[in-house]
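Letters A, B, ... are given to chains in the order of the sequence lines, protein chains preceding strands, and every chain is numbered from 1. Note: hydrogens, waters and symmetry copies are ignored here, and every other heavy atom, side chains too, is used.
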There are 2 protein chains.
Amino acid sequence: MDERKKQILKAVVEDYVISAEPVGSKSLIERHNLGVSSATIRHEMADLEAEGYLEKPYTSAGRIPSDKGYRSYVDELLEVGELPRTQAIAMRTMFKDSLVELTDLIRQATAVLSAQNDYVSLALTPKYANSRLRQVKLLMIEPGKVLVVVVLAAGLVKDRLVRISDQISGEQLDRLGKAIEEGLAGKKLSDITLVTVAGTVSGQPLADGLLNQVIYEAYVSIKQAEHLDLYVEGTHRLLAQPEYRDVDKAHRFMRALGEEKTIAGYIADLPAADDLACGRYLVRIGQEITLDGFEDTSFITSTYCVNGEVYGQIGVIGPRRMDYGRIISQIRFINRQLHEATSDAPHISKDNHEA
Amino acid sequence: MDERKKQILKAVVEDYVISAEPVGSKSLIERHNLGVSSATIRHEMADLEAEGYLEKPYTSAGRIPSDKGYRSYVDELLEVGELPRTQAIAMRTMFKDSLVELTDLIRQATAVLSAQNDYVSLALTPKYANSRLRQVKLLMIEPGKVLVVVVLAAGLVKDRLVRISDQISGEQLDRLGKAIEEGLAGKKLSDITLVTVAGTVSGQPLADGLLNQVIYEAYVSIKQAEHLDLYVEGTHRLLAQPEYRDVDKAHRFMRALGEEKTIAGYIADLPAADDLACGRYLVRIGQEITLDGFEDTSFITSTYCVNGEVYGQIGVIGPRRMDYGRIISQIRFINRQLHEATSDAPHISKDNHEA
DNA sequence: AATTAGCACTCATTGCTGCCGAGTGCTAAC
DNA sequence: GTTAGCACTCGGCAGCAATGAGTGCTAATT
């Protein structure tokens, strides 16, 4: 693809992102000074279409970028700039880094991101499967009710309230908690099984039935610490996008967005999730997304890191016709904010099992 | 209003609920055998309009019920029946009463309710201002990070992770927690102030600065136990309603639905919230709702009670043209499910401060 | 006095028409 | 290789008539 074709593709994408209307040869030369006439542009655009970078909605309309066109734009033509000052200030203002809890901070980052651009934004809490267990506490709340607190080395605290026979006393629970903690502290979450939990309390003087209850609940609580939470913000903003003037289309998409488990699973498995380089971003366009209902949207996700060691994904979902450059710099910015907020005054990673 | 007028009003409301189209005299006698001609109906409808029960969108259209018409329908004409068997079975199937935590149970009830009818459903966690404090625990997670656990007599457990100077040891924290608990247990949440908290630890041998940190965090944690959580489910379903074929209207409404704090406040202050009779329901129609953006919707809310003592609100929001009878029996049903699920095997009321 | 049949009238909706304009591809000239 | 010119395409919009479901009113009927 020669230089001029690139310029034209870039111009088409950028105009289409703004107008949401197919862009024609004449309007192209009006907005960009390409130094050639519209007829030349027409030739070039016909070529670009033949090569699959552009599409025509109908015979005599202008062109819109195809998935391949967007891909090429994102990979080769887009130079991501710094965030404009006014936007940076706006975002910083919304971003209160006084929040103590990591969950709140991430959630807020998601909200800020979504508020800045009429797209949906979302964040996924870190994967903790490789994290190590640090503490387990069993706290008697009242006879029969026990709060299980699990603390990971990464700083995450999750807790869970369970019912356990009231024949177990507070002291016994305390002792059992200590035994489990002692036996499992330092182990990777993924290495902990029902059997290893059972092993830690085998010597305890307690009826098997009661012991099993405790083992089971402790195990489930530990396992739940791995659980991924997805925060989705700004779904309603999509309705401001021209592509969703069609209510049925909007409805289908919103329903798909409601499948949080599916989305969380998909995002967690994206290649970027394993690549631990902080701030790396990944763009998925249209058909590249193998997720029902997302065929004509785009994802931009990025790995964030907090406290210098745990990683999650934060990103934006919108129509394919998205302002990629703008979003990417916003995501970078919020990522940096997240990093700063957690590094100068280490934030606390607390979470819980609510989905 | 004579008997025939009532019948006609009822018929108009019911037809309109089904069709979402203004209903005319002729189509009325087709669907209901009222024993009179369309001309008579026309006379009666003109009267009903003059009295404010019906409205005409434009001169030569059929009639639609006004707020007053709906009100009259709900208060006088509607007989709420039992839920049809198939629906009851469907709902029971979706409702897993194996859930241990109250929060999950309520959230699930909301989801089930919404899934049964294309409206938005929502639930508000109980008000705890009158509840009494039972336990306060300060748990050292790591130096500088403390988990504050607050337990109310009603069974609610809330916890919160805070940063507190690492100069305080685990034992000191434990002792402070015990002192606070001892001093405040049995007190109503609304009676606890920063001063009363401070009073409980006044004798402790600790630097003022450190002590103040603990007092402040404990106080905030206790206060946060009062915090109301709102669960909203099924916003996207609204897009299936003909009234929201208009994307802008849908957008405005969804934006309004995003103001969870405002909605929570409004619902918590509804008269039914104070009237502690379980299962009582309240219908708010159109302009009766003094909440921005909800002028042409209706609320049906109901007080639920769990464990026989704590109360919250569960309800449905939809277009005014709502199947009131159906929704009310659904809400009753889910309310009963909620009650049963928590009474035969007392459920645990755990909650936390995430908004 | 209440009911009803009949009728003229209203008005949103639908389908049709023709026009406009922004777009195209092609050809021939530069 | 570029461009001017031109015929052609096609969605969008304005205008218009026909349709039909509705109304209110009047006069006849019970």
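Phosphate proximity of C/dT3 to B/Thr40: absent, as no side-chain N or O sits under 4.0 Å from OP1 or OP2.
Put simply, the residue from B/Leu48, B/Val13, B/Leu54, B/Val36 that forms a side-chain contact (heavy atoms from CB on, under 4.5 Å) with B/Ile8 is B/Leu48. In summary, of the residues considered (B/Leu34, B/Leu9, B/Thr40), a side-chain contact (heavy atoms from CB on, under 4.5 Å) with B/Arg4 occurs for B/Thr40 alone.
Nearest heavy atom pair, residue B/Pro65 against residue B/Glu55, reads O-OE1, 4.4 Å.
Judged by distance alone, the side chains of B/Tyr324 and B/Ser298 do bring a donor and an acceptor atom under 3.5 Å apart. Checking B/Gln287 against B/Glu295 by side-chain atom types alone, no donor-acceptor pair falls below 3.5 Å. With 3.5 Å as the limit, one finds a donor-acceptor pair spanning the side chains of A/Thr303 and A/Gln313. A donor-acceptor pair shorter than 3.5 Å cannot be found between the side chains of B/Gln116 and B/Arg326.
In this structure, the CD atom of B/Glu44 is 12 Å from the P atom of D/dG24, given to the nearest Å. Look at CG on B/Asp15: it is 16 Å from P on D/dA21, rounded to the nearest Å. Atom CG of B/Leu34 is separated from atom C1' of C/dT4 by 15 Å (rounded to the nearest Å). Atom CD1 of A/Ile41 is separated from atom P of C/dG23 by 13 Å (rounded to the nearest Å). Here D/dG24 presents its P atom at 12 Å from CG of B/Leu48, a figure rounded to the nearest Å. One interatomic measurement links the two molecules: OH of B/Tyr16 to P of D/dG22, which rounds to 14 Å at whole-angstrom precision. Straight-line distance from the CZ atom of B/Arg4 to the P atom of C/dA1: 16 Å, rounded to whole Å.
In this structure, the side chain of A/Asn117 engages the main chain of A/Leu113 through a donor-acceptor pair within 3.5 Å.
B/Ile41 has its side chain out of reach of B/Glu44: every pair of non-hydrogen atoms, C-beta onward, lies at least 4.5 Å apart.
Less than 4.0 Å separates DNA chain D from no heavy atom of any residue of residues 19-32 of chain A. Of the residues in residues 52-65 of chain A, those placing a heavy atom less than 4.0 Å from an atom of DNA chain D are A/Tyr58, A/Thr59, A/Ser60, in numerical order.
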Under-3.5 Å N/O pairs linking protein and nucleotides 26-30 of chain C:
none

Test side-chain contact (heavy atoms from CB on, under 4.5 Å) on B/Ile285 and B/Thr297; report intermediate values, then the result.
CA-CA 7 Å; B/Ile285 297 159; B/Thr297 62; over 6 Å; no

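Checked against the 6.0 Å centroid threshold, B/Tyr266 and B/Phe294 do not count as a close aromatic pair.
With D/dT2, C/dG25, C/dT4 as the choices, the nucleotide that has an atom nearest any side-chain atom of B/Val36 turns out to be C/dT4.
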